[in-house]
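For clarity, every value in this text was computed on a predicted model and none was experimentally measured. Each chain gets a letter, A, B and so on, in the order its sequence line appears, and its residues count up from 1.
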2 protein chains.
Amino acid sequence: MARTRHERFDCSGGCPVEATLALIGGKWKGVILWHLLHGTMRFNEIRRRLSGVTQRMLTNQLRELEADGLIIRTVYPQVPPKVEYCLSEHGRSLEPVILALKAWGEANVLAPALPPVSSIKESMTSAAA
Amino acid sequence: MARTRHERFDCSGGCPVEATLALIGGKWKGVILWHLLHGTMRFNEIRRRLSGVTQRMLTNQLRELEADGLIIRTVYPQVPPKVEYCLSEHGRSLEPVILALKAWGEANVLAPALPPVSSIKESMTSAAA
DNA sequence: GTATATAGTATCAAAAAGGATACCGTAGCA
DNA sequence: TGCTACGGTATCCTTTTTGATACTATATAC
């Protein structure tokens, strides 16, 4: 159920890159994992931090992360329900990856106005047209 | 054209994680970048390494990477055509990220038979049912 | 004269991802 | 008595992504 694209890694030679991206590449997974780096959280707690996510999506993503062994879901037999999510050991091993993603994003996406590099070689391109 | 999901980063507080994933998160982008870390490559050269990719997909992904300023496309006005792709400076700055993804993938996805952690808490879960 | 390699486009279709909305059952609060 | 919070499901729909296939132009080799 809801297995995304984890099953097929056909890129010969080896692309652990793809394999990893398949696990954390959903729209919300990266951020969820990043938030969970800070500690255990309840469902709605996560939801509030990911403003914009729907319940269905959040449930889906959390379930996939759980199925992939990256997070641990603990439901307390209470009413109203209380469900906690935290990183598994496996998930925590992703910390350097997440932090690398975050560091690069901070340095290269949000800060600068990245100029279109596609201007220099346009002269060559137009020569072929 | 072909802008994927780069435009909207609504996850408040800041998720450079998402921002980065949006750039490298396509099905092939990560691998393409990884291959380009090794040096300049021609179109079909990349294609052969990504066995399974279609021409259309490869073109798309390369165009997006170029539009995002991560790679540089150089077309030589020859016939038959010769087009080279290489990392831009911006793209090369992704090297630690790519390597982190690769390292984790090698260590955690391909090697071990990752046991389903979802067994311990099942007792609690069933108690709620 | 035909085939091949090059780097693509164009068009159509399928699959996957993501989103909107409504609903559930109970506890606690007013 | 009705409201809200909790952590979801179920259903339907739209958008995005991916894939299959056919087509282009020309130089070179056969």
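- In this structure, Leu50(A) places its CG atom 15 Å from C1' of dG19(C), rounding to the nearest Å.
- Note that CG of Leu58(A) is 11.5 Å distant from CZ of Arg56(A), once rounded to the nearest 0.5 Å.
- For Val83(A), the side chain to side chain contact (heavy atoms under 4.5 Å, CB included) criterion is met by Arg73(A), Val75(A), Tyr85(A), not counting sequence neighbours.
- Between Leu21(B) and Leu21(A) the shortest side-chain heavy-atom distance falls below 4.5 Å.
- The CE atom of Met57(A) sits 15 Å away from the C1' atom of dG8(D) (whole-angstrom rounding).
- Among residues two or more places apart in sequence or in another chain, the salt bridge (charged side-chain N to carboxylate O under 4.0 Å, His left out) test is passed with Glu45(A) by none.
- Neither OP1 nor OP2 of dA5(C) sits under 4.0 Å from any side-chain N or O of Arg48(B).
- Residues forming a salt bridge (charged side-chain N to carboxylate O under 4.0 Å, His left out) with Arg92(B) (at least two apart in sequence, or on another chain): Glu95(B).
- In summary, the side chains of Arg63(A) and Asn60(A) do not present any donor paired with an acceptor at a separation below 3.5 Å, with no hydrogens or angles considered.
- In this structure, Leu50(B) and His35(B) have side chains that are in contact, with non-hydrogen atoms separated by less than 4.5 Å.
- Atom CZ of Arg73(A) is separated from atom P of dC6(D) by 16 Å (rounded to the nearest Å).
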For this session: Report, as a single string ordered 5' to 3', how protein heavy atoms within less than 4.0 Å touch nucleotides 20-30 of chain C: B base, S sugar-phosphate only, - not at all.
Result: B----BSS---

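- For Ile46(B) and dG8(C), the CD1 to C1' distance is 13 Å, given to the nearest whole Å.
- Spacing between atom CD of Glu45(B) and atom P of dT6(C) amounts to 10 Å, rounded to whole angstrom units.
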Exercise. Given the rule in the side chain to side chain contact (heavy atoms under 4.5 Å, CB included) test, do Trp104(A) and Leu94(B) qualify, once you have shown the distances and angles that lead to the verdict?
Worked result: CA-CA 7 Å; Trp104(A) 192 89; Leu94(B) 269 171; 3.4 Å; yes

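- The CG-P distance, from Asn60(B) to dT9(C), rounds to 9 Å in whole Å.
- Distances shown here put every side-chain N or O of Lys27(A) at or beyond 4.0 Å from the OP1 or OP2 atom of dT16(D).
- With axes fitted over five pairs at each extremity, the angle between the ends of the helix from dG1(C)-dC30(D) to dA30(C)-dT1(D) is 10° (10° resolution).
- Contact annotation for Gln61(A): backbone-only contact, meaning every heavy-atom pair under 4.0 Å involves sugar-phosphate atoms and none involves a base.
- Atom CH2 of Trp28(A) is separated from atom P of dA17(C) by 16 Å (rounded to the nearest Å).
- Side-chain nitrogen and oxygen atoms of Arg63(A) include none within less than 4.0 Å of the OP1 or OP2 phosphate oxygen of dG7(D).
- The distance between atom NZ of Lys82(B) and atom P of dA27(D), rounded to the nearest whole Å, is 17 Å.
- Contacts classified as ring-ring contact (aromatic ring centres under 6.0 Å, His included) and involving residues 36-61 of chain A (residues at least two apart or in different chains) are given here: Trp34(A)-His38(A).
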